[in-house]
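Presented below is the structure to which this report refers.
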Amino acid sequence: MSAVKYIRKVRDFSKSKYKGNRQCLGLDGTVLAIFCAGFITFFNGAGQERNQSEEAIVDEARKVRRKRMRKIMATIPLAFIIFLLGVVLAFIRRPKVVNDITFGPSVMDIVKITGHSWKEGFIKGTIPQLPLSVLNSVIAVCKLSSGIFPGREFSATSVSVTVGLLNLVRCWFGAMPCCHDAGGLAGQYKFGGRSGGCVALLGAAKMMLGLVLGTSLVTILHQFPVGILGVLLLFEGIELAMTCRDMNSKQESIVMLICTVVSLVGSSAALGFVCGMLVHVLLELRTLCMP
């Protein structure tokens with residue numbers, strides 16, 4: 001839903017508000033976003049079936065020409081191409097951004113966090129965010145990992161501990177809170193990421209850009225077409241939503257649907273999480289009482 005809003009409406013990230021409908025034409029118009037979505041759909045199709053090897057997919061194709069064409073199209077780094085297009089358009093939209101670029105890393109300062117800030121952060125930040133973080137950063141990541149990479153399962157304890165330690169270190173340098181994101185994992189899988197090397201390369205590239213450009217990078221990304229960002233988020237969200245196919249029983253499907261519907265209608269992941277857990281508990285009690 002957020003991805004579609006990015007495509008249809010102008011987003012002011014500094015105020016977290018939308019400023020009306022996006023224009024059809026232009027370097028950040030709806031037509032450009034639709035073209036990028038069509039480009040990804042044509043070359044990526046519905047994506048690779050999970051738990052199915054590349055050889056099995058090739059065997060399913062009957063014609064040699066289609067086999068070769070599909071293999072070539074599957075190796076195209078679609079997300080990277082779309083991202084580069086967005087960077088080029090960012091410079092075209094505001095050529096003077098080149099004058100704002102300064103090389104070298106930005107100065108890092110230690111943030112002084114008072115006791116009042118810890119209290120306010122815990123009450124207004126940690127508690128409201130906890131249900132969403134548990135769902136998206138721990139449970140969803142573990143479930144998705146076991147689904148797309150059989151035999152490479154991670155425990156919820158190890159995932160949650162790494163998230164907590166990472167944020168405890170980063171907060172002293174003024175960094176934004178971060179987590180293991182199920183959407184990011186789904187997006188990387190959708191666009192061809194199949195190993196930890198992809199994440200390592202991504203992290204190394206970000207570190208290099210940060211050291212070379214510093215805060216100048218923010219100035220460049222501010223001109224990045226939000227419509228294109230919305231397209232990438234759209235396919236990432238679709239890939240993540242595809243996990244509903246893994247429901248093994250009607251009971252699991254009911255819990256999933258209750259949680260999803262309440263979250264969307266109530267605009268609260270916390271409310272959806274609570275309702276889903278209550279339904280799950282009631283169904284389990286029913287099973288115990290009526291074996």
Side-chain angles (χ1 to χ4, degrees), residues 1-6 46-52 79 125-168 170 176-196 198-200 202-203 229-281 283-284:
M1 293 175 68
S2 297
V4 174
K5 288 181 179 179
Y6 283 5
Q48 179 177 327
E49 287 291 337
R50 295 173 184 168
N51 303 337
Q52 190 175 11
T126 302
I127 296 178
Q129 180 69 22
L130 196 58
L132 178 60
S133 295
V134 171
L135 279 173
N136 183 57
S137 307
V138 181
I139 297 176
V141 168
C142 295
K143 295 290 288 185
L144 184 60
S145 298
S146 62
I148 61 180
F149 299 116
R152 301 183 185 179
E153 298 183 2
F154 298 93
S155 67
T157 301
S158 62
V159 173
S160 56
V161 167
T162 55
V163 172
L165 290 177
L166 191 62
N167 283 293
L168 279 175
R170 288 164 52 91
M176 290 290 291
C178 65
C179 63
H180 300 296
D181 181 34
L185 176 59
Q188 290 166 2
Y189 185 87
K190 169 68 177 178
F191 293 113
R194 296 292 185 272
S195 68
C198 300
V199 183
L202 178 62
L229 174 62
V231 170
L232 295 175
L233 290 176
L234 176 63
F235 283 94
E236 175 184 304
I238 291 173
E239 183 67 24
L240 185 60
M242 285 292 183
T243 55
C244 67
R245 297 182 303 168
D246 299 334
M247 299 292 101
N248 296 319
S249 65
K250 192 171 183 179
Q251 177 172 322
E252 292 182 356
S253 299
I254 290 175
V255 174
M256 179 269 296
L257 290 172
I258 289 291
C259 184
T260 303
V261 170
V262 175
S263 297
L264 294 177
V265 175
S267 300
S268 172
L271 183 60
F273 175 78
V274 171
C275 291
M277 291 295 292
L278 289 175
V279 172
H280 173 72
V281 171
L283 291 174
E284 290 296 321

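Since the model is a prediction, treat every value here as computed from it, not as a measurement.
Remark: the backbone N or O of Lys143 is paired with a side-chain donor or acceptor of Ser146 at under 3.5 angstrom. Under a 3.5 Å cut-off, the side chain of Arg170 and the backbone N or O of Pro177 do not form any donor-acceptor pair. Distance alone, capped at 3.5 Å, is enough to place a donor-acceptor pair between the Thr162 side chain and the Val159 backbone.
Residues Asp181 and Glu236 meet the side-chain proximity criterion, which asks for heavy atoms closer than 4.5 Å. At least one side-chain heavy atom of Met1 sits under 4.5 Å from a side-chain heavy atom of Leu264. Side-chain atoms of Val163 and Val138, non-hydrogen and from C-beta on, never get closer than 4.5 Å to each other. Side-chain contact between Leu234 and Tyr6 is absent, with no heavy atoms from C-beta onward closer than 4.5 Å.
A pairwise comparison of heavy atoms in Ala140 and Ala182 identifies CB-CB, 3.6 Å as the closest pair. Ser137 and Val141 get closest at one heavy-atom pair: O-CG2, 3.5 Å. Residues Gly230 and Ala3 come closest through the heavy atom pair O-CB, 3.3 Å.
The CZ atom of Phe149 lies 8.0 Å from the OG atom of Ser195; values are rounded to the nearest 0.5 Å. Summarising the geometry, atom CG belonging to Leu132 is positioned 8.0 Å from atom SG belonging to Cys179; distances are rounded to the nearest 0.5 Å. Residue Leu130 holds its CG atom at 9.5 Å from CG of Leu135, rounded to the nearest 0.5 Å. Between atom CG of residue Leu240 and atom CZ of residue Phe235 there is a gap of 15.0 Å, rounded to the nearest 0.5 Å. Summarising the geometry, atom CD belonging to Glu239 is positioned 9.5 Å from atom CG belonging to Leu185; distances are rounded to the nearest 0.5 Å. With rounding to the nearest 0.5 Å, the separation of CG in Leu166 from NE2 in His180 is 7.5 Å.
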Report, one line per pair, each donor and acceptor closer than 3.5 Å where one atom sits in a side chain of residues 251-259; sequence neighbours left out.
from, atom 1, to, atom 2, distance (Å)
Gln251, NE2, Glu284, OE2, 3.1
Glu252, OE1, Asn248, N, 2.9
Ser253, OG, Ser249, O, 3.1

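Every residue two or more places apart in sequence or in another chain that forms a side chain to side chain donor-acceptor pair (under 3.5 Å) with Ser133 is listed here: Gln129.
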